[in-house]
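Below you'll find the structure, written out as structure tokens, and then a few comments.
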Amino acid sequence: MEKFVTLGQNKRSCANDARSPQKRMKLESDEKIKEEEEEEEEDAILAEFSHPVPWQKIEAEGLDCDYALLFSKEEADHLFKQLEEEVVYSTGEEAKVQVFGKVYNIPRKQATYGDADLTYTYSGVTRLASPWTPTLEYIRDAVTKTTGHTFNFVLINRYKDGQDHIGEHRDDERELDPLCPIASVSFGAARDFIFRHRDARGKQTRRQIEPVKLELAHGSMLLMNSPTNTFWYHSLPVRKKITLPRINLTFRRILVDRKK
């Protein structure tokens, strides 16, 4: 404003001068319009993420994750109850997994849901997605609103207590969209979740890299961004003191064209 007044008091200024008060007012008006347009554009971007949550960034060499509480305790309690009523878990041969050519019983319950006719192959087994249930659709849509990513498949693991577990593995199947993160949503008992770098596994470790340990809480979401699953294995180890069940949903986007 001080500069504007000074320019306005310049006797050699005229109405046609680029620095005249009239044109200064027009320039300021144009700038205001531009600022309003930028604010509208920013609001449009934020609208895409219409379910904002406070994120916690988790980073290490080659590891990029975001963690947040997606649901309140009350809503998480309700969703857990609904999942217990709706989800149908695999039995028989579908409840087995192949590891290094050997077939084992899965130490937890599993189910797969997603878009029509969608299949997903992991651990040597191909699973057909069951149709989305209302509760799974609700959780999926909440994840999409929060992250801005769409998902067409979910793998569900139910752990009856701390004896049920999952060993070290990477979700790096070729049919997964590499540009889409994997969203892991947890309900029930809080469990330890451990990342271990591929170069720091086993007895013949090539490098000394500390594992990354998290506790996944009831109603939380862990977003595993690229390139996490390229360099880091993750697991849910046995915890004998845990007596309550846990349900975990990992939402993924499968590339349909690649499957064809």
Side-chain angles (χ1 to χ4, degrees), residues 57-67 90 94-104 106-115 118-129 140 143-144 147-159 164-186 191-214 216 220-237 248-260:
K57 175 62 74 174
I58 301 167
E59 294 179 301
E61 180 187 330
L63 186 147
D64 181 354
C65 293
D66 297 289
Y67 177 79
S90 301
E94 290 188 350
K96 299 180 185 294
V97 66
Q98 183 175 325
V99 180
F100 298 117
K102 294 184 178 181
V103 178
Y104 299 89
I106 299 174
R108 59 195 175 278
K109 289 184 176 180
Q110 281 193 328
T112 51
Y113 287 79
D115 292 355
L118 199 60
T119 61
Y120 179 46
T121 302
Y122 62 96
S123 299
V125 181
T126 298
R127 311 280 185 181
L128 175 65
R140 179 201 62 195
V143 172
T144 293
T147 65
H149 292 279
T150 58
F151 303 87
N152 58 8
F153 183 90
V154 63
L155 172 64
I156 305 174
N157 284 296
R158 185 187 188 277
Y159 305 83
D164 280 3
H165 61 280
I166 187 168
E168 290 187 345
H169 67 285
R170 292 180 294 177
D171 297 325
D172 60 349
E173 288 77 16
R174 290 183 64 256
E175 57 200 300
L176 293 177
D177 186 344
L179 300 179
C180 181
I182 292 176
S184 175
V185 181
S186 298
R191 292 286 296 267
D192 291 338
F193 189 79
I194 301 178
F195 283 104
R196 195 179 305 277
H197 196 281
R198 66 182 185 184
D199 293 343
R201 298 177 68 239
K203 297 180 180 179
Q204 303 297 326
T205 56
R206 290 185 287 172
R207 302 169 62 195
Q208 293 297 322
I209 302 176
E210 290 297 316
V212 176
K213 300 181 181 180
L214 312 172
L216 303 183
S220 69
M221 175 172 63
L222 177 69
L223 203 63
M224 291 183 279
N225 306 303
S226 177
T228 301
N229 273 293
T230 299
F231 298 102
W232 291 79
Y233 286 72
H234 55 271
S235 65
L236 193 87
N248 176 253
L249 303 88
T250 47
F251 291 90
R252 306 145 190 259
R253 183 158 69 227
I254 295 176
L255 295 170
V256 179
D257 292 340
R258 181 170 294 183
K259 293 180 70 65
K260 293 178 181 179

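Since the structure is predicted, the reported quantities are computational estimates derived from the model, not experimental observations. For this chain, numbers begin at 1 and follow the sequence in order.
- In this structure, NZ on Lys109 lies 14.0 Å from OH on Tyr159, to the nearest 0.5 angstrom.
- Separation of atoms CZ (Arg196) and CD (Glu210) is listed at 9.5 Å; rounding is to 0.5 Å.
- The shortest side-chain heavy-atom distance between Phe231 and Leu63 does not fall under the 4.5 Å cut-off.
- Annotation: side chain of Leu236 is not in contact with side chain of Asn157 (no heavy-atom distance under 4.5 Å).
- Ring geometry for Phe195 against Trp232 counts as perpendicular: the plane angle is over 60°, on a 0 to 90° scale with 30° as the lower cut.
- Among all heavy-atom pairs drawn from His165 and Pro237, the shortest one is CB-C, 4.0 Å.
- Heavy atoms only, all atoms of each residue included: Lys213 and Ile194 are closest at CG-CG1, 4.1 Å.
- Of the inter-residue distances, the one linking Leu223 atom CG with Tyr67 atom OH reads 13.0 Å to the nearest 0.5 angstrom.
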Before you tell me yes or no, could you show the steps for Lys57 and Asp64 under side chain to side chain contact (heavy atoms under 4.5 Å, CB included), namely the whole-Å CA-CA distance, both residues' side-chain angles and the distance that decides it to 0.1 Å? CA-CA 8 Å; Lys57 175 62 74 174; Asp64 181 354; 2.8 Å; yes
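- Closest heavy-atom contact between Phe151 and Arg253: CD2-N, 4.3 Å.
- Between Leu216 and Arg191 the shortest side-chain heavy-atom distance does not fall below 4.5 Å.
- Considering every non-hydrogen atom in both Leu179 and His149, the closest pair reads O-CE1, 4.0 Å.
- With rounding to the nearest 0.5 angstrom, the CZ atom of Arg170 is 13.0 Å from the CE atom of Met224.
- Under a 3.5 Å cut-off, the side chain of Glu173 and the backbone N or O of Thr121 do not form any donor-acceptor pair.
- Smallest separation of non-hydrogen atoms from Ala111 and Ser90: CA-OG, 4.5 Å.
- Across every non-hydrogen atom of Thr119 and Ile254, the tightest pair is O-CD1, 3.7 Å.
- How far OH of Tyr113 is from CZ of Phe153: 11.0 Å, rounded to the nearest 0.5 Å.
- Inter-residue side-chain proximity for Phe193 and Leu222 is flagged as met; some heavy-atom pair is nearer than 4.5 Å.
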Before you tell me yes or no, could you show the steps for Leu176 and Ile182 under side chain to side chain contact (heavy atoms under 4.5 Å, CB included), namely the whole-Å CA-CA distance, both residues' side-chain angles and the distance that decides it to 0.1 Å? CA-CA 9 Å; Leu176 293 177; Ile182 292 176; 4.2 Å; yes
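- Formation of a donor-acceptor pair under 3.5 Å by the Ser186 side chain with backbone atoms of Ser220 is not found in this model.
- Looking at heavy atoms from C-beta onward, Leu118 lies in side-chain contact with Val256 at the 4.5 angstrom threshold.
- Side-chain contact between Pro178 and Leu255: present, with at least one pair of heavy atoms (C-beta onward) separated by less than 4.5 Å.
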Please evaluate residues Arg140 and Val154 with respect to the criterion side chain to side chain contact (heavy atoms under 4.5 Å, CB included), reporting the C-alpha separation (whole Å), side-chain torsions for both, the decisive distance (0.1 Å), and the verdict. CA-CA 9 Å; Arg140 179 201 62 195; Val154 63; over 6 Å; no
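- A heavy-atom distance below 4.5 Å is found between the side chains of Asp171 and His234.
- Between atom OG of residue Ser184 and atom CG of residue Leu249 there is a gap of 8.0 Å, rounded to the nearest 0.5 Å.
- Residues Thr147 and Pro181 have side chains not in contact (no heavy-atom distance under 4.5 Å, counting atoms from C-beta outward).
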